Number of protein chains: 2
Amino acid sequence: MTDQGRPYAGASREERKSARREQIVAAGISLFGTMGYRTTTVGAICEAAGLNKRYFYESFATLEDLLCEVYGRVIAELRASVLAGGGDDPATVLRGFMTGFLSWAQANPVKARVHLFEVLGVSARIDELYRFQGRVIGDELASRLSATIPGPDLTAGQQRVLGNVLVGAGLQMVVDWVISEYQPPRDELLEEMDATLGWVLAAGLAALG
Amino acid sequence: MTDQGRPYAGASREERKSARREQIVAAGISLFGTMGYRTTTVGAICEAAGLNKRYFYESFATLEDLLCEVYGRVIAELRASVLAGGGDDPATVLRGFMTGFLSWAQANPVKARVHLFEVLGVSARIDELYRFQGRVIGDELASRLSATIPGPDLTAGQQRVLGNVLVGAGLQMVVDWVISEYQPPRDELLEEMDATLGWVLAAGLAALG
DNA sequence: GCAAACTGGTACGACTTCGTACCAGAAAGG
DNA sequence: CCTTTCTGGTACGAAGTCGTACCAGTTTGC
């Protein structure tokens with residue numbers, strides 16, 4: 001008779017399966033983030049994970065499914081990082097956001113490559129996940145900013161615009177920074193951003209007044 | 001003896017070759033912008049162009065080469081559109097940029113899909129072209145903005161930051177707008193952006209003062 | 001007209017990846 | 001110790017695309 005699962009190497013069937021899945025996910029992050037998603041094959045994943053191809057299909061139906069799982073973990077970590085900072089005034093909230101983003105990208109270059117480059121344009125499913133998470137982060141940021149300002153609240157449409165502006169601007173800057181091999185150093189770039197924000201506010205003030 | 005080229009159907013060898021190349025480029029824009037780059041094959045391109053596969057390789061070595069040519073034309077058109085507006089004050093420059101971007105995206109949905117979605121993450125070569133053009137547009141915009149402000153000029157680093165912010169924010173908003181199937185209508189969205197900018201300036205003023 | 005070049009359609013081998021199957025050896029239970 | 005399950009390595013057919021070659025029919029120059 002077929003046993004429904006038997007301990008092996010000191011672990012139950014479910015434990016072994018779960019451990020194999022984790023090995024595959026780890027190999028996915030590593031390969032997607034170094035050689036790139038498009039050039040990674042199921043065979044390469046299994047080789048890196050030290051597992052038979054059969055075990056890939058035990059946990060994932062397609063390579064894209066693995067990318068979804070990998071990206072879900074990457075974006076969760078990034079979201080935690082950019083939203084970690086608090087702050088009672090707008091400048092602190094903004095700086096916390098960009099500090100978290102830059103620090104995360106520099107501390108996790110492989111995962112950063114997955115988020116900033118490899119997931120782009122892979123499939124409609126991944127694209128939707130990508131943009132959904134961007135909107136969540138943008139909404140949260142805009143809402144926090146709005147809360148630090150005594151004046152009138154933003155309308156829903158304005159909050160969406162502000163969220164898009166913040167996320168889009170942040171992404172573009174981090175991408176540029178990563179491509180420039182993390183130059184200038186993080187704190188220097190943060191100061192440049194502060195100075196630029198000051199310049200913009202002064203310019204806007206001059207134009208309004 | 002082998003003729004080095006003979007008129008055919010009223011056109012010289014070079015004219016015919018050039019016409020075929022144009023047919024292929026047109027088919028490339030159409031297919032890349034509808035079915036997507038990743039699912040487009042050389043065979044599909046030639047079928048859409050009404051040409052033999054042999055003629056593809058007459059003008060392009062790989063499908064990626066065709067994408068480079070296609071994207072070069074798309075980005076040139078977009079650049080002309082977003083930089084068309086003039087303006088002597090910051091708000092006019094910004095509004096001209098976003099108006100040009102939104103109008104172009106709505107008037108050329110197929111090309112917009114190529115720029116906003118399909119070229120992403122295809123290859124290092126395309127990525128570099130994409131980001132180079134983004135930097136060119138951002139620099140030009142930041143420089144124009146700087147010129148409308150009486151105060152001190154931006155440093156090179158600050159101009160880069162501002163350019164990244166503008167291009168990143170603009171891209172994110174257009175992507176969001178296209179995904180939302182061009183809702184709300186263009187002029188409504190532009191007014192929301194104006195209102196949001198006003199809110200930000202007021203908030204910044206309150207925080208500074 | 002007639003030969004030579006051009007054109008579009010079809011066909012073909014090479015290559016890669018996928019997804020599954022087989023098979024010999026290791027680990028656990030009785 | 002011996003049977004059964006599990007594991008990793010290898011092998012294999014299916015499918016899709018690439019890039020080229022062949023071939024019949026058309027257009028041109030002479």
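Given the structure is predicted, the values throughout are model-derived calculations rather than measurements. Lettering of chains follows the sequences in order, A, B, ..., and the numbering in each one begins at 1.
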*Asks:* Could A:R125 and A:D65 be called an ion pair, given the rule that one side-chain N must be under 4.0 Å from one carboxylate O?
*Replies:*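 A salt bridge links A:R125 with A:D65.
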*Asks:* Roughly how many Å is it from CD in B:E47 to C1' in C:dG9, rounded to a whole number?
*Replies:*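 Interatomic distance, CD of B:E47 to C1' of C:dG9: 12 Å.
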*Asks:* Measure the distance from NZ on B:K17 to C1' on C:dT7 and round it to the nearest whole Å.
*Replies:*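 The answer, rounded to whole Å, is 16 Å.
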*Asks:* Using a strict cut-off of less than 4.0 Å between a Lys/Arg side-chain nitrogen and an Asp/Glu carboxylate oxygen, indicate whether A:R21 and A:E69 qualify as a salt bridge.
*Replies:*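 So A:R21 pairs with A:E69 through a salt bridge.
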*Asks:* Does A:Y130 have any ring pair (Phe, Tyr, Trp, His ring centres under 6.0 Å) partners at least two apart in sequence or in another chain, and if so, which?
*Replies:*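 Counting only residues at least two positions away or on another chain, A:Y130 forms a ring pair (Phe, Tyr, Trp, His ring centres under 6.0 Å) with A:H115.
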*Asks:* What is the distance from CD1 of B:I45 to C1' of D:dG19, rounded to the nearest Å?
*Replies:*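 Atom CD1 in B:I45 sits about 16 Å away from atom C1' in D:dG19.
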*Asks:* Could you state the interatomic distance from CD (A:Q158) to OG1 (B:T196), rounded to the nearest 0.5 Å?
*Replies:*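 Between atom CD of A:Q158 and atom OG1 of B:T196 there are 4.5 Å.
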*Asks:* Can a salt bridge be assigned to the pair B:E140 and B:R79 using a cut-off of 4.0 Å between side-chain N and carboxylate O?
*Replies:*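 Salt bridge: no.
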*Asks:* Starting at atom CD of B:E64, determine the distance to atom P of D:dC18, rounded to an integer number of angstrom.
*Replies:*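 So the two atoms are 13 Å apart, to the nearest Å.
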*Asks:* With sequence neighbours left out, what residues match B:Y57 under ring pair (Phe, Tyr, Trp, His ring centres under 6.0 Å)?
*Replies:*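 Checked B:Y57 against ring pair (Phe, Tyr, Trp, His ring centres under 6.0 Å); zero matches.
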*Asks:* Just how far, in rounded Å, is P of D:dT27 from CZ of B:R16?
*Replies:*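 From B:R16 CZ to D:dT27 P: 13 Å.
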*Asks:* How many angstroms lie between OG1 in B:T34 and CD in B:E118, if you round to the nearest 0.5 Å?
*Replies:*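 Answer for the OG1-CD pair, B:T34 versus B:E118, is 9.0 Å.
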*Asks:* Hey, does A:F97 have a side-chain heavy atom less than 4.5 Å from the side chain of A:I137?
*Replies:*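 They are in contact (side-chain heavy atoms under 4.5 Å apart), so the answer is yes.
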*Asks:* Rounded at 0.5 Å granularity, tell me how far CG in B:L162 sits from CE in A:M193.
*Replies:*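 Rounded to the nearest 0.5 Å, the CG-CE separation comes to 12.0 Å.
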*Asks:* Tell me, for nucleotides 11-22 of chain C in 5' to 3' order, what letter each nucleotide earns: B for a base near a protein heavy atom under 4.0 Å, S for only sugar-phosphate near one, - for neither?
*Replies:* ------SBBB--
*Asks:* Who pairs with B:W104 by side chain to side chain donor-acceptor pair (under 3.5 Å), at least two apart in sequence or on another chain?
*Replies:*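 Per chain and number, B:W104 pairs via side chain to side chain donor-acceptor pair (under 3.5 Å) with B:E77.
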*Asks:* Using atom names, set out every protein N or O paired with an N or O of nucleotides 27-29 of chain C below 3.5 Å, distance rounded to 0.1 Å.
*Replies:*
unit_1: C:dA27; atom_1: O4'; unit_2: A:Y8; atom_2: OH; d: 3.0
unit_1: C:dA28; atom_1: OP1; unit_2: A:A9; atom_2: N; d: 2.9

*Asks:* Do any of residues 21-35 of chain A sit with a heavy atom less than 4.0 Å from DNA chain C, and if so which?
*Replies:*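 Contacts with DNA chain C under 4.0 Å: none.
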*Asks:* Is A:E58 salt-bridged to A:R13, cutoff N-O under 4.0 Å?
*Replies:*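 A:R13 and A:E58: not salt-bridged.
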*Asks:* From OH of A:Y55 over to P of D:dG9, roughly how many Å is that when rounded to an integer?
*Replies:*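 For the pair A:Y55 OH and D:dG9 P, the rounded distance is 11 Å.
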